[in-house]
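Residue numbers begin at 1 in each chain, while the letters A, B, ... track the order of the sequences.
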Amino acid sequence: MKILVPVKRVIDYNVKVRVKSDNTGVETQNVKMSMNPFDEIAIEEAVRLKEAGKATEIIAVSVGPSQCQETLRTAMAIGADSGILIETDETVEPLNVAKLLKAVVDEQSPDIVIMGKQAIDDDSNQTGQMLSTLLGWGQATFASKVELEDGSAKVTRELDGGLETLSIKTPCIITTDLRLNEPRYASLPNIMKAKKKPMETKSPSDYGVEISNRLEILKVEEPAARAGGITVPDVDTLIDKLKNEAKVI
Amino acid sequence: MSILVIAEHDNQSIKDATLSTIAAAKEIGGDITVLVAGQGCDGAAQAASQIEGVSTVLKADDASLSHNLAENLAPLVADTVKSKGCEHVLAPGSTFGKGFLPCVSALLDVQQLTDIIGVEGADTFKRPIYGGQAIATVKTSDAIKVMTVRATAFDKVAASGGSASVEDLGGASNSGLSSFVGQELSVSERPELTSAGVVVSGGRGVGSSDDFKIIEALADKLGAAVGASRAAVDSGYISNDHQVGQTGKVVAPELYIAVGISGAIQHLAGMKDSKIIVAINKDEEAPIFQVADYGLVADLFDAAPALTEKL
Ligand SMILES: Cc1cc2nc3c(=O)[nH]c(=O)nc-3n(C[C@H](O)[C@H](O)[C@H](O)COP(=O)(O)OP(=O)(O)OC[C@H]3O[C@@H](n4cnc5c(N)ncnc54)[C@H](O)[C@@H]3O)c2cc1C
């Protein structure tokens, strides 16, 4: 059983994102970058399946600039066996990422693709679903529990109204939600080992995918700032303000 | 222009998020068709026909559509878009819409837009990125425009006053790729989190599921929905469907009371468009105070019960 895990390099989730003064995007110079947290959960899940003897091989793949090598090394330090970098300096929209991933799936023939439900930069939440459709595979999005069975996977999903369990035929796509697992910290020996694991670098054209974007970002702005509030000294004042000033109760 | 809205419903009635999605469709402007796909969904189709501004309701009633399985729903939607010549396809930005709509986009070879919060023109929309830390204005060059809509950003259209015709689309086919096994739905007497007028949320500071009753008591006194931070959900104080934030639910009530929540960026992403924000936290440096209209620096175990009692 082979698992493919796509990983994305994004601004670290702890960084306060700043909009560029010319409104063309957000500041990425000298900003800490990390693996998208949902992708870390995806790698961790794959590694746990391997440790449980259910999977034999984990391939991590990343689409983006050469620095994504670091993201792939992180994935390998957590436990991926090898990495594929599809190198491009262009912005790659989710549909194109899905097309590239489809080509990787056609080449590598994994049994399952486990990936993050969304990347915390563009918050699209699309790539996994698009990939499943392009492949004609089943999907289970927003997974909080995965159990592999013979020829299928039983997946519990986090929905707005509660939890739902689906059974999907393998091969399939699973996208991860926050509570699927808690990713481990890579140990120093594993970080060292990861440096020696195989990594291939390809280009989008190697996979016959032309990166043609459909979306044009006209402007990126700061969200409307909230007017400053006040500190109230006690519960009575708070109630008074809510009743008589804000008039919300 | 012809706009297709995919309704979120429970077979009998239409969910509020659908009404906000139709509001976004009205802003785009054009003839609005609502698709109601489900099993035994006649009640929902009838309800959809009453919604203000809807001209046609399409009903697809089939066992394969009973649990919104993306593999069955997406081809039906994509075929409908093609046969009806729709130029816009909209669904609520809930787990329902997010689950299947990208599959429709892939079938139509369209780069979808997620969670639009503003309509600037027929091809230009505003959407939050980086958990709402920035707002992008995006223009799409796709002939068919597919998008999910953030419900809190559009005022619901009226659920009555319309008189659309209902057209039966017939059945759908089962892909056989996935099947429904079971569900654990949260049942609550309280208002629904995403549409409640008042939300009381608890964070890690609450400390335990037992003590979460303090939050629930305050919520009940106010007729409010109960929310939570990720830390509270991960610690098991309350179930995951209460999580507010970048990866949970987005709420924008008249009044949001955050109790024992520090105000991480990811939490703010889900509540900072609330009209009035109250924060109760014992740490005066907590970032939540930066977005709060009224901050109370206090121990929540004193302040929250006192608030419940005095209201
Ligand atoms: C990919 C990703 C997605 C995320 N998505 C979300 C999301 O959707 N929603 C979300 O909420 N978080 C999300 N998070 C987590 C987020 O970063 C924070 O960790 C989380 O919001 C913290 O929750 P908290 O404020 O309850 O806990 P803490 O940050 O631990 O804050 C607890 C607060 O309680 C106060 N407190 C403690 N005791 C008392 C007392 N007795 N009286 C009064 N105050 C007290 C403390 O002063 C503190 O400010 C996400 C994180 C990641 C990485």
Worksheet entry | T114(B) (side chain) donor-acceptor with S124(A) (main chain) under 3.5 angstrom | yes
query = Checking Q266(B) side chain against Y13(A) main chain: does a donor-acceptor pair fall under 3.5 Å?
reply = yes
What one should report as the nearest heavy-atom pair of Q111(B) and L95(A) is OE1-N, 2.8 Å
Given Q243(B), E284(B), E120(B), H67(B), the one with more heavy-atom pairs under 4.5 angstrom with chain A than any other is Q243(B)
Assert top hit (heavy-atom pairs under 4.5 Å, partner chain A, pool Q246(B), E254(B), K249(B), Q183(B)) equals Q246(B)
Okay, K126(B) and chain A: the region with an atom under 4.5 Å from a heavy atom over there is side chain
Checklist entry - Under the 3.5 angstrom rule, does the side chain of Q129(A) hit a backbone N or O of K98(B) as a donor-acceptor pair? => result yes
Query raised in the report: Would you find a donor on one side and an acceptor on the other, under 3.5 Å apart, between the side chain of K272(B) and the backbone of R226(A)?
Result: no
Would you say Q126(A)'s side chain and Q112(B)'s backbone share a donor-acceptor pair under 3.5 angstrom? yes
Is there a donor-acceptor pair under 3.5 Å between the side chain of E192(B) and the backbone N or O of G161(A)? no
The interface call for V110(B) against chain A, heavy-atom contacts under 4.5 Å, is backbone
Assert top hit (heavy-atom pairs under 4.5 Å, partner chain A, pool T194(B), L193(B), D302(B), L113(B)) equals L113(B)
Go through it in stages, so that I can follow the logic: the residues are D115(B) and D123(A), the test is side chain to side chain contact (heavy atoms under 4.5 Å, CB included), and I'd like the CA-CA distance, side-chain angles, deciding distance and then a yes or no.
CA-CA 9 Å; D115(B) 266 340; D123(A) 286 325; over 6 Å; no
Close side-chain approach of E158(A) to D241(B), heavy-atom, < 4.5 Å:
no
Greatest number of non-hydrogen atom pairs under 4.5 angstrom with chain A, of S274(B), A279(B), A269(B), falls to S274(B)
Strictly by modelled atom types, are Q118(A) and T247(B) linked by a side-chain donor-acceptor pair under 3.5 Å? no
Check the pair S141(B), E216(A) against side chain to side chain contact (heavy atoms under 4.5 Å, CB included), reporting the backbone distance first and the verdict last. CA-CA 8 Å; S141(B) 60; E216(A) 187 190 346; over 6 Å; no
The interface call for A98(A) against chain B, heavy-atom contacts under 4.5 Å, is neither
The interface call for V15(A) against chain B, heavy-atom contacts under 4.5 Å, is backbone
When the 4.5 angstrom heavy-atom criterion is applied to T141(A) and chain B, the contacting part is side chain
So does R214(A) pair up with D109(B), basic N to acidic O under 4.0 Å? yes
>> Tell me if the CD atom of E149(A) is crowded by more than 12 foreign heavy atoms within 6.0 Å.
In response: yes
If you tally heavy-atom pairs under 4.5 Å between each of I249(A), L134(A), D236(A) and chain B, the highest tally belongs to D236(A)
**Report entry** Student check: side-chain heavy atoms of S132(A) and C103(B) closer than 4.5 Å
**Finding:** yes
Given T231(A), D177(A), L178(A), the one with more heavy-atom pairs under 4.5 angstrom with chain B than any other is L178(A)
Please check if the side chain of K169(A) supplies one atom and the backbone of G176(B) the other of a donor-acceptor pair under 3.5 Å.
yes
If one checks every heavy atom of A292(B) against chain A at 4.5 Å, the contacting part turns out to be backbone
Worksheet item: Is the closest side-chain heavy-atom distance between R179(A) and V233(B) below 4.5 Å?
Response: yes
Take atom CD of E245(A) as the centre, draw a 6.0 Å sphere, and report whether it contains more than 12 heavy atoms from other residues, nucleotides or ligands. yes
Bottom line for I135(B): the part with an atom under 4.5 Å from chain A's heavy atoms is both
### Task
Please test Y130(B) against D121(A) for side chain to side chain contact (heavy atoms under 4.5 Å, CB included), starting from the C-alpha separation and ending with a verdict.
CA-CA 5 Å; Y130(B) 294 95; D121(A) 49 4; 3.5 Å; yes
Does D122(A) pair with R127(B) as a salt bridge, N-O distance under 4.0 Å?
no
When rounded to the nearest 0.5 Å, the distance separating CZ of F96(B) from CG of D160(A) is 11.0 Å
Open item on the list: So does G162(A) get a backbone contact from the side chain of E184(B), meaning a donor-acceptor N/O pair under 3.5 Å?
Closed with: no
Heaviest contributor of heavy-atom pairs below 4.5 Å to chain A, chosen from A134(B), S179(B), S186(B), is S179(B)
Under 4.5 Å to a heavy atom of chain A? For S239(B) that would be neither
Most heavy-atom pairs under 4.5 Å with chain A, out of G295(B), A106(B), A303(B), belong to G295(B)
Applying a strict 4.5 Å limit to non-hydrogen atoms, the region of T140(B) in contact with chain A is both
